[in-house]
K.L.:
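Mind looking over this structure? Questions follow.
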There are 2 protein chains.
Amino acid sequence: MSTVLEATPPPVNGIHSIHSAAECTQSAQAVQDALYVLSGKWKLPIIVALSTGPRRFGELQRLVSGITAKVLSKELKELEMNEFAVRRVYATMPVTVEYELTAYSQSLNSIIEALRDWGIQHRARILGKSKSVD
Amino acid sequence: MSTVLEATPPPVNGIHSIHSAAECTQSAQAVQDALYVLSGKWKLPIIVALSTGPRRFGELQRLVSGITAKVLSKELKELEMNEFAVRRVYATMPVTVEYELTAYSQSLNSIIEALRDWGIQHRARILGKSKSVD
DNA sequence: GTAAGCACTATACTAAAGGATACCACTATA
DNA sequence: TATAGTGGTATCCTTTAGTATAGTGCTTAC
């Protein structure tokens, strides 16, 4: 409640338990690594769209609202490179292409859940504020 | 047709347990909300740098290696706006300015930890691959 | 009186992300 | 013949993120 100005030893837990400069740098690096592969507006939405099963290109474009073919194509390539998704081509006429999440993509679950939970409560908080301020 | 598209019973758990299109959209939105406030190269590294206690502008710039004053200034304003940090000005001569994390910033802990843990294992995985491929 | 540190701001630039539109080869339908 | 759908690519453009460099007003130290 009160603004504590002086040297308050932090109520240490979680990320705050790191202490050395080296660990700090390593943490920052790891966080940046993770954010790097998830960067951009679209990767997580695409992963979420794929989370219910394999999808074709056109389906994905309709599912992820607002994305253009060019961007979807680029993002899918990056997801493939990072081994979050696989691309399967079927020799039908015309060709059918399916994208599916890999087992490795499951390792992102805790990140996605953390982001989703936080996003939900943050949105509620913002809406609550604007109401009470207004 | 060799393509088996329908009735994929998802190997449900975690994020994969969502099922309706609406929930899917809401999840995607929440994830995007969260990523939005954490966007860019610098916000998390700055938060990590502040996690050990209040820092002055110059200290921060040295701590977050590679950041310019302009970008640091901009990022700090955004962190303030999102109520992740507070800016305190002391009427010393010349003025001293300190930045400190808020209690609300603690709510990001699970995200940061998830990103950090994932980043660490991902880096290890990449390095392992390049070694065995090399 | 000059340099260095404080916390920035201003201006100008490059690079990357993303959007808009058009197009490719192919097939099925009307 | 025209239209729509398949899975994209090519080109151009705008917006945003980030970099580089310089400068502000103030102080203390040499």
Side-chain angles (χ1 to χ4, degrees), chain A residues 5 28-29 31-47 49-50 54-82 85-100, chain B residues 1-6 28-29 31-47 49-50 53-82 85-100:
Chain A
L5 288 189
Q29 186 57 58
V31 167
Q32 290 204 60
D33 286 351
L35 277 183
Y36 181 75
V37 304
L38 300 176
S39 63
K41 263 170 90 170
W42 301 112
K43 275 179 203 78
L44 269 322
I46 292 169
I47 290 175
L50 284 173
R55 295 289 179 182
R56 311 225 309 258
F57 188 91
E59 281 184 293
L60 270 179
Q61 197 180 348
R62 280 184 293 273
L63 229 47
V64 181
S65 59
I67 199 169
T68 62
K70 172 191 161 183
V71 173
L72 178 55
S73 170
K74 196 199 83 197
E75 298 287 304
L76 284 170
K77 274 175 198 152
E78 292 179 26
L79 291 178
E80 251 197 289
M81 282 186 351
N82 285 312
V86 283
R87 180 179 191 265
R88 272 194 250 286
V89 183
Y90 299 94
T92 53
M93 195 62 82
V95 293
T96 303
V97 181
E98 268 189 4
Y99 295 90
E100 190 175 7
Chain B
M1 292 302 177
S2 55
T3 51
V4 190
L5 288 195
E6 25 238 81
Q29 187 56 58
V31 167
Q32 290 203 60
D33 286 350
L35 278 183
Y36 181 74
V37 304
L38 300 176
S39 63
K41 262 170 90 171
W42 302 111
K43 275 179 202 77
L44 269 322
I46 292 170
I47 290 176
L50 285 172
R55 295 288 179 182
R56 312 227 306 262
F57 189 90
E59 280 184 294
L60 228 32
Q61 196 180 351
R62 280 185 294 273
L63 229 47
V64 180
S65 59
I67 199 168
T68 62
K70 174 190 163 184
V71 173
L72 179 55
S73 171
K74 195 198 84 198
E75 299 286 305
L76 285 170
K77 274 175 197 152
E78 292 179 26
L79 291 178
E80 252 197 288
M81 284 188 347
N82 286 313
V86 283
R87 180 177 192 267
R88 274 194 249 286
V89 182
Y90 299 93
T92 51
M93 199 59 85
V95 294
T96 303
V97 180
E98 266 188 5
Y99 295 89
E100 190 175 8

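Below, chains carry the letters A, B, ... as their sequence lines are ordered, and counting in each starts from 1. All figures in this text were calculated on a predicted structure; none of them were measured in a lab.
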K.L.:
Of the listed nucleotides (C:dG19, D:dG18, D:dG7), which one gets closest to any side-chain atom of A:Val95?
P.N.:
D:dG7

K.L.:
For A:Leu76 and D:dG8, give me the distance from atom CG to atom C1', rounded to whole Å.
P.N.:
11 Å

K.L.:
Applying the Watson-Crick and G-U wobble criteria at under 3.5 Å, what pairs with C:dA3? Answer none if nothing qualifies.
P.N.:
D:dT28

K.L.:
With distance as the sole criterion, is a donor-acceptor pair present between the side chains of B:Tyr99 and B:Arg55 under 3.5 Å?
P.N.:
no

K.L.:
Distance check needed: D:dG18 P versus A:Gln32 CD, whole Å only.
P.N.:
10 Å

K.L.:
Let me know, please, whether A:Arg87 or B:Thr68 comes out on the 5' side of the other along DNA chain D by nearest nucleotide.
P.N.:
A:Arg87

K.L.:
Base of D:dT19, side chain of B:Lys70 - is there a donor-acceptor contact under 3.5 Å?
P.N.:
yes

K.L.:
Which residue lies toward the 5' end of DNA chain D, A:Gln61 or B:Ser39, if each is placed at its nearest nucleotide?
P.N.:
A:Gln61

K.L.:
So, is A:Tyr99 near the phosphate of D:dG8, with a side-chain N or O under 4.0 Å from OP1 or OP2?
P.N.:
yes

K.L.:
When you check the phosphate oxygens OP1 and OP2 of D:dT9, does a side-chain N or O of A:Ser73 lie under 4.0 Å from one of them?
P.N.:
yes

K.L.:
At under 4.0 Å, does any side-chain N or O of A:Lys77 touch on OP1 or OP2 of D:dT9?
P.N.:
yes

K.L.:
Is A:Lys41 near enough to D:dT16 that one of its side-chain N or O atoms lies under 4.0 angstrom from OP1 or OP2?
P.N.:
no

K.L.:
What is the distance, to the nearest angstrom, from the CZ atom on A:Phe57 to the C1' atom on D:dT9?
P.N.:
10 Å

K.L.:
Nearest-Å distance, NZ (B:Lys74) to C1' (D:dT19)?
P.N.:
12 Å

